[in-house]
Amino acid sequence: MPEDQLQATSKAARTRERILDAALDEFSAKGYSGARTAAIAKRAGVNVQLISYYFGGKEGLLEELLSSWQERRSKLVPASKAELFLESFRMVLNATLRDPRRARLVVWQALGDYPGDTEALAREWRTVAAAAVEQTRARQAAGEISEDHPPEFVDAAFRSCSPSLRSRFRR
């Protein structure tokens with residue numbers, strides 16, 4: 001690839017990353033409904049039209065952020081089910097505490113501030129939560145997790161940091 005094309009590609013990638021970072025700030029602070037593409041563009045120092053160019057608009061930008069967070073969290077989960085539950089929890093909690101903006105996106109989504117089908121999302125969350133409570137109850141019975149707290153509480157605390165972890169711990 002010629003040098004000028006490499007520089008253009010690199011500049012485009014940096015611009016795209018600046019937009020994503022600015023959007024992360026805006027969405028985590030104000031939610032989807034409160035965020036404005038003009039404010040995101042201003043934070044990123046770009047023309048607002050670049051949001052449509054790179055992401056197809058505000059909804060595409062949010063979807064990109066949510067997807068990248070899911071991907072990042074899934075890489076934090078140990079590959080083996082044999083690894084300790086608490087170690088997995090610690091890894092995800094540390095990542096969340098280092099940059100809580102992405103976790104705030106999930107909270108906004110759970111509160112219904114999401115452009116997609118929120119009823120379908122709520123049904124999915126209820127189904128996943130019920131299965132996760134049963135898995136937590138089984139892990140408590142096996143002695144892997146303390147029985148000091150109700151399984152609903154343990155699962156809610158765990159899920160608040162990483163919804164993706166439960167799928168890695170299914171038996």
Side-chain angles (χ1 to χ4, degrees), residues 17 19-37 39-40 51 55-171:
E17 286 304 311
I19 294 170
L20 284 169
D21 192 57
L24 186 55
D25 284 340
E26 193 74 10
F27 285 134
S28 69
K30 299 177 182 176
Y32 181 81
S33 298
R36 300 289 175 258
T37 54
I40 293 168
I51 293 172
F55 304 100
K58 182 176 168 180
E59 188 172 341
L61 186 54
L62 178 64
E63 289 299 325
E64 175 72 23
L65 289 170
L66 291 171
S67 294
S68 68
W69 179 229
Q70 288 278 110
E71 184 179 322
R72 183 173 289 158
R73 281 187 314 197
S74 70
K75 290 178 182 175
L76 294 173
V77 180
S80 168
K81 288 182 184 180
E83 293 203 40
L84 295 176
F85 172 87
L86 291 177
E87 177 62 17
S88 300
F89 184 78
R90 183 193 65 76
M91 289 168 39
V92 173
L93 181 60
N94 284 340
T96 300
L97 293 174
R98 276 193 298 274
D99 186 0
R101 298 175 303 167
R102 293 183 187 275
R104 288 184 197 131
L105 289 180
V106 175
V107 172
W108 280 108
Q109 184 181 23
L111 291 172
D113 189 28
Y114 181 71
D117 181 358
T118 56
E119 183 52 39
L121 183 65
R123 281 192 306 272
E124 180 183 338
W125 277 85
R126 285 190 296 270
T127 301
V128 168
V133 166
E134 288 308 311
Q135 290 172 10
T136 302
R137 189 172 280 123
R139 287 178 172 274
Q140 286 177 320
E144 189 175 332
I145 302 173
S146 169
E147 292 181 328
D148 291 346
H149 302 289
E152 296 82 2
F153 173 79
V154 173
D155 180 64
F158 184 56
R159 197 165 8 112
S160 70
C161 294
S162 178
S164 67
L165 280 178
R166 282 180 315 286
S167 65
R168 300 299 295 267
F169 286 99
R170 288 194 180 130
R171 295 177 186 218

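Because the structure is a prediction, the values reported are computed rather than measured.
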Value for CD (Glu17) from CG (Leu24), rounded to nearest 0.5 Å, stands at 10.5 Å
Does a side-chain heavy-atom distance below 4.5 Å link Phe27 with Ile40? yes
Checking the side chain of Asp113 only, and the main-chain atoms of Ser33 only, is there a donor and an acceptor separated by less than 3.5 Å? yes
Gln140 side chain to His149 backbone, donor-acceptor under 3.5 Å: yes
So which heavy atom on Arg102 is nearest to which on Leu65, and how close? NH1-O, 3.5 Å
If you look at every heavy atom in Leu105 and Ser28, which pair is closest and at what distance? CD2-N, 4.0 Å
Residues at least two apart in sequence or cross-chain that pass side chain to side chain donor-acceptor pair (under 3.5 Å) with Glu147, listed by chain then number, are none
Report yes if some heavy atom in the side chain of Ile51 is under 4.5 Å from a heavy atom in the side chain of Lys58; otherwise report no. no
Residues at least two apart in sequence or cross-chain that pass salt bridge (charged side-chain N to carboxylate O under 4.0 Å, His left out) with Asp25, listed by chain then number, are Arg43, Arg101
Salt bridge (charged side-chain N to carboxylate O under 4.0 Å, His left out) filter on Arg104, not counting sequence neighbours, yields none
What salt bridge (charged side-chain N to carboxylate O under 4.0 Å, His left out) pairs are there with at least one residue in residues 59-69, not counting sequence neighbours? Arg16-Glu64
Any side-chain heavy atom of Thr37 sitting closer than 4.5 Å to one from Leu61? no
Taking all heavy atoms of Trp108 and all of Ala29, pick out the closest pair and write down the distance. CZ2-O, 3.9 Å
Taking only residues two or more places apart in sequence, or in another chain, which ones meet Ser146 in a side chain to side chain donor-acceptor pair (under 3.5 Å)? Asp148
